[in-house]
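First the proteins, then the strands, lettered A, B, ... as listed; each starts at 1.
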Amino acid sequence: MGDKFQLIHDVSPGTTGWTVKVVVAEKFSPKVAQRSPTKYQNLTLMDSEGSTVQATLYGQNITAFQDELLLGKTYLISNALVKETNAEYKAKSGEIQWTISGRTRIRRVEENNSNLLISTYSFTDFEDLPKYMDSNLDISVIGMIIDIKPRRIIQTRFGKECQVQDLVLVNKRFDTVLLTMWETFVDNECKYICQNLRKKLILIGKHLKVTSFNGLSISTKADSSFFIDGEFELVEEFKSWGHTNSEIIDNMISEKHYLTSTPSKLSVPTAEKDFTEIKNIQGLKTAKQFFWIKGKASVKVLNQTYWYMSCNNCNKISSENYGDIYPCVFCKCTDAKAIPRAKVYMQLTDPTGYINATAIGNPAEYFLQSNAEILMNQTLIPTAASMRLSMDEDEIFYVKAITKELSTDCKFEILFIVNPSQIAGDKNTGKAPVEHIGEPIKFLEPTTKRSLFHSDTDDAQSSKKKRDKSTIEITKKNQ
DNA sequence: CCCCCCCC
């Protein structure tokens, strides 16, 4: 970046005749203002010294400039409106805010300052993700996209329908993680990814969170932002990695080899103080929360159904017969398959009390020491000979407390069960990474490439028209 | 913010 221009710090309210060369370091999704219908979009601009300023676009300028200010690209900017940021709206990048409007002069500079962009990120290693599980803390990740699942519609606990779509990312050690994209990220980023998956896209995301859903996965937040690049030019390291390992990656993509090779690890607490005593959550009325409990599980109601027929795409209940292909009313998948899923209603006890809790899927199968298909075919009321009905030793449970919209009391759901003997113990962190008994990344039925993306083919047709209007940021090859 | 049951 050159010297003959001003830096961000040189520009104050009232400064005239300035030009600053900046990289678009962040570009957030447009939002609607809290107390008015005004739309706004925030960007973070960075100069050659790494200083940043928040720039904001309003109303019609958002769409007008969406192809002018691309994430990671370099621009000469002059005549933005420079003012002190209203404390109420202050973003973290600084006290000064630039407003970009029709009078702002913006000139694209063909420079690759992606290293500067990358320097603004602090990537979390995949193996450190468990430390952030359900914490809602911001994390950033970088990885190659090796798979994208069909879009799903889900119902939140407040009855709202949302669209989500899962990606599989692989890092340089060939570890994989699921990234769930929500709502607008499905319309924008996922649509682009579906159309370009052959290019081995690198994804860089920030302001993401780690959840315990599906074992352990990354999820978007409202202010997440992505940089998706199909040519590896972003990160030199990844470029050479991608080329060196293209055969392995091709194999992961085509054979879905990753599905069984990289189980998630959990950070299981080892200190007594990290476990919640059951007496402290009995009758709890809080919103959703997560707890570690050390205790024993047992089935108190023998005469229950230990499985349900589910959609293989979204796990929601199905009225179809095993193996049937059907349109799922919940996730809207047109070719969902009905498969049994284990569930068990049990009692969790520790020395301080007990709660009733449900386990579904893998934790249920682990506890019962059975599997969904066997449970489905079982006709008699089970006995200790046919399945495990109680635990001899304490095990460790990761429990989610759920309050439904119209219900006052909490339900508890067991997400993971860990046998203490699995824990190696890590005295430095007080957390032990173990392979958990949670949900693995699901194995997709063998399918053609085409049908994998079937739910997006309609979109693909209209997308050409829309491409110029797209709000996603894409780095194209050496334009 | 997403899996069963329940709730009407």
Side-chain angles (χ1 to χ4, degrees), chain A residues 133-136 149-167 178-186 207-224 285-290 297 299-319 328-333 336-347 355-368 370 372 375-376 398-417 437-442:
Chain A
M133 187 173 74
D134 299 321
S135 69
N136 209 30
K149 308 206 170 189
R151 194 175 68 126
R152 295 177 287 138
I153 305 295
I154 57 152
Q155 290 73 35
T156 70
R157 68 182 192 279
F158 303 113
K160 189 191 163 209
E161 281 196 338
C162 290
Q163 57 171 347
V164 298
Q165 193 161 10
D166 297 321
L167 305 175
L178 212 61
L179 167 58
T180 303
M181 309 288 270
W182 287 74
E183 298 285 73
T184 59
F185 298 108
V186 174
H207 304 305
L208 304 168
K209 64 179 173 179
V210 183
T211 77
S212 50
F213 183 75
N214 219 311
L216 188 133
S217 59
I218 303 171
S219 188
T220 58
K221 304 193 211 189
D223 66 341
S224 296
K285 285 189 171 54
T286 58
K288 190 166 293 191
Q289 283 194 48
F290 299 87
V299 174
K300 293 293 181 194
V301 182
L302 272 181
N303 190 9
Q304 58 175 294
T305 314
Y306 293 86
W307 66 283
Y308 69 98
M309 196 64 80
S310 71
C311 166
N312 70 328
N313 192 46
C314 71
N315 295 335
K316 279 287 223 178
I317 193 164
S318 168
S319 60
C328 176
V329 293
F330 293 104
C331 68
K332 318 298 185 202
C333 179
K337 186 177 175 186
I339 56 169
R341 190 159 163 77
K343 69 168 171 112
V344 57
Y345 185 62
M346 60 169 85
Q347 191 172 90
I355 50 171
N356 293 318
T358 309
I360 302 171
N362 257 27
E365 293 189 350
Y366 168 76
F367 168 60
L368 297 171
S370 186
L375 295 166
M376 175 176 66
Y398 189 63
V399 177
K400 179 168 81 170
I402 302 164
T403 36
K404 287 277 182 186
E405 186 182 16
L406 295 171
S407 172
T408 50
D409 53 334
C410 262
K411 307 284 184 182
F412 295 98
E413 184 177 319
I414 292 164
L415 300 180
F416 309 121
I417 305 174
I437 314 298
E439 292 297 293
I441 293 179
K442 264 197 294 190

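Contacts of A:Gln304 with the nucleic acid, taken as non-hydrogen atoms under 4.0 Å apart, are absent. No contact: A:Thr305 has no heavy atom under 4.0 Å from any strand. Here A:Lys209 lies in heavy-atom contact (under 4.0 Å) with sugar-phosphate atoms only. The residue A:Thr358 sits close to a base: some heavy atom pair falls under 4.0 Å.
A:Gln304 has its side chain within reach of A:Val299: a pair of non-hydrogen atoms, C-beta onward, lies under 4.5 Å apart. Within the 4.5 Å cutoff, the side chain of A:Arg151 has no heavy atoms near those of the A:Lys332 side chain. A:Lys400 has its side chain out of reach of A:Gln289: every pair of non-hydrogen atoms, C-beta onward, lies at least 4.5 Å apart. For the pair A:Asn313/A:Phe330, no side-chain contact is recorded, criterion being any heavy-atom separation below 4.5 Å from C-beta on.
Applying the 4.0 Å criterion to OP1 and OP2 of B:dC5, one finds that A:Lys343 has every side-chain N and O outside that range. Between A:Lys411 and B:dC4 there is no side-chain N or O to OP1 or OP2 distance below 4.0 Å.
Per the geometry, CD1 belonging to A:Ile402 stands 8 Å off P belonging to B:dC2, to the nearest Å. Note: CG (A:Asn315) to P (B:dC5) measures 12 Å, nearest angstrom. The nearest whole Å value for the distance from the CG atom in A:Asn356 to the C1' atom in B:dC6 is 13 Å. For the pair A:Glu413 CD and B:dC6 P, the interatomic distance rounds to 15 Å; values are reported in whole Å. Whole-Å rounding puts the A:Ile317 CD1 to B:dC4 C1' distance at 7 Å. Taking atom CG of residue A:Leu375 and atom P of nucleotide B:dC4, one finds them 17 Å apart after rounding to whole Å. The distance from atom CZ of A:Arg151 to atom C1' of B:dC2 is 15 Å, rounded to the nearest whole Å.
No donor-acceptor contact under 3.5 Å links the side chain of A:Thr211 to the base of B:dC2. Checked by distance alone, A:Arg157 brings no side-chain donor or acceptor within 3.5 Å of a matching partner on the base of B:dC2.
With B:dC1, B:dC4, B:dC2 as the candidates, the nucleotide lying closest to the side chain of A:Cys162 is B:dC1.
Stacking is found between A:Phe213 and the pyrimidine-like six-membered ring of the B:dC2 base under the 5.5 Å centre-distance and 30° plane-angle cut-offs. Here A:Trp182 counts as stacked on B:dC1: its ring centre is under 5.5 angstrom from the base ring centre and the planes meet at under 30°.
Checking A:Val399, A:Ile360, A:Thr358, A:Val344 one by one against A:Ile414, the side chain to side chain contact (heavy atoms under 4.5 Å, CB included) holds for a single residue, A:Val399.
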